[in-house]
Protein chains: 2
Amino acid sequence: MTKINDTVTTRGQAVLEALRDLVLGGRLAPGTRLNEIELSQRLGVSRTPVRAALTALATQDLIEYTPNSGYSIRAYSARDLENVFEVRATLEGLANRQAAEAGFSPESEARVDDILDSTAALVAGGEWSAEICDRWVALNIAFHQAINRAAGNQRLLTLLERSPVPFIYAVRYQWFTLDIVSKAQDDHVEMASVIKNRQVGRAEAIGREHIYRTTRPLIEKCRELERLQQQEGCAIADLLQPLRTADDSGESRRALLGFGA
Amino acid sequence: MTKINDTVTTRGQAVLEALRDLVLGGRLAPGTRLNEIELSQRLGVSRTPVRAALTALATQDLIEYTPNSGYSIRAYSARDLENVFEVRATLEGLANRQAAEAGFSPESEARVDDILDSTAALVAGGEWSAEICDRWVALNIAFHQAINRAAGNQRLLTLLERSPVPFIYAVRYQWFTLDIVSKAQDDHVEMASVIKNRQVGRAEAIGREHIYRTTRPLIEKCRELERLQQQEGCAIADLLQPLRTADDSGESRRALLGFGA
DNA sequence: GCTCACCTTATTGTATCCAATCATGCTATC
DNA sequence: GATAGCATGATTGGATACAATAAGGTGAGC
């Protein structure tokens with residue numbers, strides 16, 4: 001079994017990264033218990049750093065904790081997702097506004113333009129594969145990160161980066177089609193433009209709307225699935241079902257940890 | 001030395017509460033190191049639950065963590081405070097909007113009205129003492145909590161309740177004067193009214209503005225102090241200085257823990 | 001045959017021990 | 001006299017042993 005990467009500061013930190021990837025990967029069904037002993041054995045460490053990582057993940061609401069019972073993968077209902085995205089939309093709106101207030105630094109502006117060029121090229125290519133999708137997802141994260149950083153609000157940045165949107169990574173091959181990504185590209189171009197022109201009010205509105213636009217169909221899909229089944233949480237488990245068995249070799253970091261299917 | 005309250009589920013949870021109160025209490029100067037051994041001895045437990053609590057607090061950004069060095073009380077610059085309150089204002093705006101969208105339940109409405117009656121009575125009394133201030137602070141928290149709950153967004157509620165505004169508790173005697181509280185009362189009345197009338201847009205704007213209004217003077221004060229001294233962080237330490245020696249018998253829970261001056 | 005109680009076992013919670021790391025202060029050398 | 005290197009102490013990081021709790025199964029009694 002592969003050991004963890006020990007170039008990181010402490011084992012606890014490394015385990016935290018590993019378990020975060022595991023949880024966000026979406027391979028584990030809601031309710032799955034995270035056994036401390038099993039995890040520590042898989043990662044080649046003792047229970048101590050595993051417990052530290054689990055504590056941190058539970059504090060971030062990425063997993064559930066029940067005293068004397070342990071940690072488990074939490075279920076997301078369509079309502080939960082809606083709430084998560086509503087908060088995120090609001091916070092990204094704030095980030096865009098503050099970025100517009102502050103204006104881009106020359107470096108930020110260059111970076112944003114670079115990213116937009118890259119994503120434009122991907123979209124214009126007309127091809128769409130798992131590999132290209134992964135490239136686009138990385139660029140998409142980089143784009144939002146660049147804007148969120150430009151806002152110059154450390155508190156906001158921390159909240160946005162520490163609350164990754166669950167399932168987005170997991171469902172990306174199903175979700176980010178060329179059509180969706182093309183619309184996102186238009187949004188991104190407008191976001192950058194509005195910030196450059198320091199249009200504060202529009203920046204907030206567009207930043208917020210961009211999140212609503214891109215996530216609403218996902219929520220609708222979950223809601224539909226929930227209607228078909230009565231049980232809460234199961235809806236999303238099903239949405240992810242195809243992924244739990246799919247090939248995932250592209251994700252090097254998680255694969256490195258021995259968490260393959 | 002007083003032991004921790006063991007009616008709570010696990011020692012780890014109890015220690016977390018205790019340390020959270022300690023940190024939010026504002027008695028410890030920025031940079032103060034949180035020695036695991038010392039804390040465990042004070043609380044009458046081993047280092048293990050202390051470490052769990054410290055991990056959680058660091059994850060919530062209430063304390064700072066440096067690998068192989070430990071945990072310490074973080075400093076807040078005026079800029080930090082501004083960022084924290086900007087995020088909070090935005091989130092409370094969202095809460096008010098969602099509350100207006102959903103409307104009050106009969107119970108929520110009754111509770112909000114009760115609280116408004118109580119705070120109105122305090123303000124109308126014309127007297128202002130530490131004791132009355134404490135009563136008002138508790139009611140103020142209850143008011144915002146009631147509205148935030150009425151929004152029906154669990155995610156949002158968690159973020160708001162897990163990110164208590166630092167220093168508010170610490171500086172409350174200096175800060176919440178009869179004048180300030182009286183203005184807050186007007187805001188609260190309007191917030192409740194607008195939600196009752198389901199005026200969604202105004203609810204968001206007023207909720208947001210209420211936070212800006214009540215916190216901006218605090219930020220200005222910090223900024224002024226920072227101008228006087230060059231060092232960052234020290235400003236707020238000074239703002240709190242009088243409190244570090246002040247009598248604090250009103251805070252039963254923290255006093256219970258043996259963290260007196 | 002069903003239910004309740006007890007016991008067993010698996011897993012978490014806590015304490016303690018050892019290792020690793022960092023900071024401090026001293027000494028020696030330039 | 002100043003600086004670099006080393007040694008020593010204090011503190012954190014990690015592992016392990018032990019205690020407590022919860023869940024599940026088995027047995028006996030009704």
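First the proteins, then the strands, lettered A, B, ... as listed; each starts at 1.
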Integer-rounded Å distance: C/dG13 C1' and B/Gln13 CD
11 Å
How long is the line joining CG of A/Asn35 and P of C/dT9, in whole Å?
18 Å
Nucleotide of D/dG14, C/dA15, C/dG13 approaching A/Arg11 most closely (side-chain heavy atoms)
D/dG14
Can you identify which nucleotide, out of D/dA15, D/dG13, C/dG13, has its nearest atom closest to the A/Val45 side chain?
D/dA15
Indicate yes or no: does B/Glu220 engage B/Arg223 in a salt bridge with an N to O separation below 4.0 Å.
yes
Please give, in whole Å, the distance from D/dT16 C1' to A/Gln41 CD?
14 Å
What integer distance in Å separates A/Ile63:CD1 from C/dT12:P?
11 Å
Could you check how far CD1 of B/Ile37 sits from P of C/dT16, rounded to whole Å?
12 Å
With a 3.5 Å cut-off and just heavy-atom distances, do the side chain of A/Ser69 and the base of D/dA22 make a donor-acceptor pair?
no
What integer distance in Å separates A/Glu38:CD from C/dT12:P?
10 Å
Check whether any side-chain N or O of B/Ser46 sits under 4.0 Å from OP1 or OP2 of C/dA15, and answer yes or no.
yes
Ignoring backbone atoms, test whether B/Arg33 places a side-chain nitrogen or oxygen under 4.0 Å from the OP1 or OP2 oxygen of D/dT12.
yes
Whole-Å distance between D/dT16 P and A/Arg47 CZ?
12 Å
Sugar-phosphate, base or nothing in reach of B/Tyr65, heavy atoms under 4.0 Å
sugar-phosphate
Give A/Leu34 one of three labels, base, sugar-phosphate or nothing, depending on what nucleic acid heavy atoms sit under 4.0 Å from its own.
sugar-phosphate
For B/Glu36 and for A/Pro49, locate the closest nucleotide of DNA chain D by heavy-atom distance; then report the residue assigned to the nucleotide nearer the 5' terminus.
B/Glu36
Starting from the 5' end of DNA chain C, give me the residue, A/Gly70 or A/Thr48, whose nearest nucleotide shows up first.
A/Gly70
Would you say B/Arg149's side chain and B/Ser108's backbone share a donor-acceptor pair under 3.5 angstrom?
no
Would you tell me whether A/Gln154 and A/Thr158 have side-chain atoms, one donor and one acceptor, within less than 3.5 Å of each other?
yes
Report yes if a side-chain nitrogen or oxygen of A/Arg51 is closer than 4.0 Å to either non-bridging phosphate oxygen (OP1 or OP2) of C/dG13; otherwise report no.
yes
Expected output: side-chain A/Arg162 to main-chain B/Gln60 donor-acceptor under 3.5 Å:
no
Within the side chain of A/Asp80, is there an N or O that forms a donor-acceptor pair under 3.5 Å with the backbone of A/Ser77?
yes
Is any side-chain N or O of B/Asn68 closer than 4.0 Å to OP1 or OP2 of D/dT12?
no
